Amino acid sequence: MDGGPSWQDKLKDQIPDELGREVDIFETQMELRRRGEVDERLFAETRLRRGVYGQRYDNGQRHDGTQNRPLEYRDHPTKGPETMWDAPGMVRIKIPYGAMTAEQIDVMAELSEDYSDGISHVTTRQDIQLHFVHIEDTPDMMRRLAAVGITTREACGNSVRNVTACHLAGVCKTETFDVTPYAEVLKEFLLGHPDVQDFGRKMKPAFSGCAQEACGLVNMHDIGYIAKTREVDGKVQRGFEFYVGGGLGAIPHPALLLTDFVSEEEMLPLTQAVCRVFARLGEKENRGRARIKFLVAKLGIEEFRKLVYEEREVLPHDPRWTSYIKDIADYAEVPVREPAPLETNGEHTPEFRAWYATNVRAQSQEGYAVATVKCPLGDLTADQMRDLADIARKFSGDNVRLTVEQNIVLRWVSEADLPKVHAALVAADLGAPGAETIADLTSCPGTDTCKLGIAASRGLVAELANHVGHLNGGTDPALKNLRIKASGCFNSCGQHHISDLGFYGISRKKGGRLVPHFQVVLGGKWVENGGSFGLATLAIPSKNIPTVVKRVTDRFLEEREPDETFTAFIGRLGKVEVKRFLQDLTEVPSFEEDPSYYSDWGDPRVFTMEDYGEGECAGEIVPMVEFGLQASEREVFEAQLYFDAGDMEKAKAMAYKAMLTAAQALVKTEFYDISDVPDQIVSEFKTRFHETQRFNDRFAGSKFASYLFQAHEVGGNGGRPEQARDRVQEAQLFIEAAYKCYERIGTAGAPA
Amino acid sequence: MSGTDSVIALTSPEISVKLFVTDDSVVRPLELIAVFHRWIKDDSLEDELVIDVANYEHVPQGPGIVLICDKAHYYFDVRHDRWGMRYRSRREARAVGQEAVARAFRSALHAASLLENDPALEGRYRFRTDQVEFGIYDRLRAPSTEDTLEAVRPALDATVEALYGAPAKGYALQSGPKEPFMVSIEAPGAPDVSELLGKVAATAG
């Protein structure tokens, strides 16, 4: 808004320089795309790596139940292939290991109100997503997040996604040790690391403090770490079982053991080696087979392991690999209340007792407990977020974590305070019991907002939530701990493969009309870090899924053997029998008999696949060199801005930097580990591209290369002020020449 | 807040007007999903590019059922346990100052009128006009303070007078310091939604 205050000014003293600079860069990239000066594919991957995602209907089309109709957005350049600039999108905000402070929760509440629709959505990977966000609001949103220490960088795209960890890490009775500081270190190490910028697909890391519980879900992650200790020369050494190649998606793969013990000294370099092998050998063309699980399966774990350890041997040393270890012992959370036992003599209400039974877990630290806030469908209003922040300040301090079951936990609550905490949560409509039980259902966004959604997983789960309370076993111990999870499609964001009763959206035809269905997946193992995958059984019409749940759970209660788990029960029943006893539910009445079957839960439109779009989960495959060249363009643009503002010194320096960046991008195609040191960049560029004449222009010869050498000679911003104009123009010409050179070497089959 | 700031507050595009239903007990929020989808199909909101319907019925005291548009959201929300139709403009300001306020009133009244007259709802939804909630979702330009209220009061006064033919009985800041700026307007009368809509159409231009 012209003349009005700006968040950039207001927060300038609170935003760390690096984060502020990143946001400024993104804003410049947006401007360049608006001007049509950046390719849409490149911009798409750029915004994805900043957490700015597409959303359903952003291709400018929507089916209204009768016909496909255009959404007439203003005419702008797109923000990605078939993605309208003005269409609202989703912003995914990485919350490493789900840890949030009260202040961060307050800010999230503000952002959801100011830029979204008032809802903060907790995801199954400990992120928060805001929906219906306009791209022009994203820089300010990022600044407000940066002011409280949160970055959205690499929340999407083909990068290392949020580092998740058990929400009970550090307070859990079954953990080997607290994995929190290790998750933090890994997050810091990998964020923006050059070795994770050239993946064919995303990579999701997870930490767990133990093997037996579910919380960390290591078994379904691309890379995973389970805390372990061993004794060496009488001293206890910390490390991890290190897993690779797990993942859900359409084809779930259990993670495989890379090594049964990686020491804390070797955790980072071994991870780096895995990333390098994945970047080098992972599939880049066929995105459906580009996750690391496919590479591990293709090579075999033995060969993959061999390559990783070979890579480890040649890694350039990085002091960060071990420098963090001396600080590990200092990591500690600070409670705000003294420990004290829950008053057992007092009268507790039935509501409190119900909540206490399911939502409270004693910590390993005596007198403290973890209280779980059950969030229906992972959604909280801004008012609830503010209330939660206030409750945290009073009772748990900055010790709040998001969970992979879309809930939030307050840690370090003094047990004596639990009745007050419960009362405060009830006042905020956050005191519902049933956390981490069959009544605590999980769903991905599905067709509500996701471009890839086929069926309404949230609609289904909302409907099932009304039913599970009526199940005979709603409080039956055998049913209590079952999990129900739904995904809108086979991509498994709802983690249906590892739930007892899992569902994912598909469609089927009946009488020429499409009918929303869910594939029923039974008997997945939630515990043991998502220990095994369920049995895919039948495709059932969406409207019959509540009956499926009732029928299956009733039979489990009737026929289970003592202490038999649901997973074991389904295994014993077998696929043939499960299919037999659900078969009648596959029947779809004709449209004339019952049209309700032809609409999805919570969506009265006649079901269609017309709104199904191309997802952005996979990101765009953009070679590293293109990112470098794009960065150089952005820098020369900034140089021009400095020049226009009369700051000649900065204009010259930035123009020089732009040439260096372009040169470095080219060198990286052959020498991946090129440093950021100008002397080395210029030297390598000279040897590899100038002296070989590969950079030479057909008509101008080596003229453009000489611009870099001259600027380098005078030290970047050297020379007279009036030379700034020339320097900026020279940089533009140099970058053009770099693009041409890249085209030539690409055509010649050089590595890209 | 200075005179300059009063101008700034109403340059914000993020203005909201909420009309409360007369009887919360008649509200069945899920039925509005079908109604809103039909509005999209029938282009019932002529000034809007309508995108989709969002359902937050499962969230207590939440946004309820939301009609998502390009430059606005229409919430049938239940914040603070009171159902009502909230219009909330977004993105670029279509107007500033009093015109912005009048436009927001017009949009809220139009949506309320559509609900009152929607055949599927059988006349169950009625809106009171003697109390209106006005808000600005813009903490930079309009923090939740009495100063902001003073700054926007002239524009509110002018709008209320134009609609109701008399000054407001009073204004009360409803929001806490961390919340978006929200004011309860006690109107000087309770005319029908349709009557106010007719008047505001001329005012808002």
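Keep in mind it's a predicted model, so treat the numbers as computed, not measured. Computed over heavy atoms, backbone and side chain alike; hydrogens, waters and symmetry mates excluded. Chain naming here is simple, since letters A, B, ... match the order of the sequence lines and numbering starts at 1 in each.
- Rounding to the nearest 0.5 Å gives a distance of 13.0 Å between CG of B:N55 and CH2 of A:W601.
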_A:D114 vs B:E14, test: side-chain contact (heavy atoms from CB on, under 4.5 Å). Steps then yes/no._
CA-CA 8 Å; A:D114 290 359; B:E14 314 286 337; over 6 Å; no
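- More than 12 heavy-atom neighbours from other residues, nucleotides or ligands sit within 6.0 angstrom of CD on B:E161.
- A pairwise comparison of heavy atoms in A:S116 and B:H73 identifies O-CE1, 3.8 Å as the closest pair.
- In this structure, A:H134 and B:D70 have side chains that are in contact, with non-hydrogen atoms separated by less than 4.5 Å.
- Using a 4.5 Å cut-off between heavy atoms, A:T449 does not touch chain B at all.
- Looking only at side-chain heavy atoms (C-beta outward), B:K41 and A:Q67 stay at 4.5 Å or farther from each other.
- Two residues are said to be in side-chain contact when any heavy atoms from C-beta on lie closer than 4.5 Å; B:V59 and A:L380 fail this criterion.
- Counting heavy-atom pairs closer than 4.5 Å to chain B, the top residue among A:A87, A:A382, A:S6 is A:S6.
- Side chains of A:D117 and B:Y56: a donor on one and an acceptor on the other come within 3.5 Å.
- With respect to B:K178 and A:D390, a salt bridge is recorded, a charged nitrogen being found less than 4.0 Å from a carboxylate O.
- Contacts of A:I119 with chain B are made by side-chain atoms alone, with heavy-atom separations under 4.5 Å and no backbone atom involved.
- For A:F132, the parts sitting under 4.5 Å from any heavy atom of chain B are the backbone and the side chain alike.
- In this structure, B:L140 and A:P5 approach most closely via the heavy-atom pair CD1-O, 3.5 Å.
- The nearest pair of heavy atoms linking A:T381 to B:G62 is CG2-CA, 3.5 Å.
- The existence of a salt bridge linking A:D86 and B:K71 is excluded, since no basic side-chain nitrogen approaches an acidic carboxylate oxygen closer than 4.0 Å.
- In this structure, A:R56 does not pair ionically with B:D52, as no charged nitrogen and carboxylate oxygen lie closer than 4.0 Å.
- A donor and an acceptor atom, one from each side chain of B:H37 and A:D64, are nowhere located under 3.5 Å apart.
- Residue contact with chain A, scored on non-hydrogen atoms closer than 4.5 Å, involves the backbone and the side chain of B:A34 alike.
- Interface remark: B:I68 contributes side-chain atoms only to the contact with chain A (heavy atom separation under 4.5 Å).
- Annotation: side chain of B:I33 is not in contact with side chain of A:R605 (no heavy-atom distance under 4.5 Å).
- In this structure, the side chains of A:E110 and B:Y137 stay at 4.5 Å or more apart for every pair of heavy atoms.
- Using modelled atom types, one finds no donor on one side chain facing an acceptor on the other under 3.5 Å when comparing B:Q61 with A:D383.
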_The test is side-chain contact (heavy atoms from CB on, under 4.5 Å); show your working for B:V50 and A:R62 and say whether it passes._
CA-CA 10 Å; B:V50 192; A:R62 181 182 185 274; over 6 Å; no
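- Listed options A:L430, A:D448, A:L377 were ranked by heavy-atom pairs under 4.5 angstrom with chain B; first place goes to A:L377.
- Of the two parts of B:E179, the backbone and the side chain both hold a non-hydrogen atom closer than 4.5 Å to a non-hydrogen atom of chain A.
- Side-chain contact between A:P604 and B:R38 is absent, with no heavy-atom pair separated by less than 4.5 Å.
- With a 4.5 angstrom heavy-atom cutoff, A:D106 touches chain B only via side-chain atoms.
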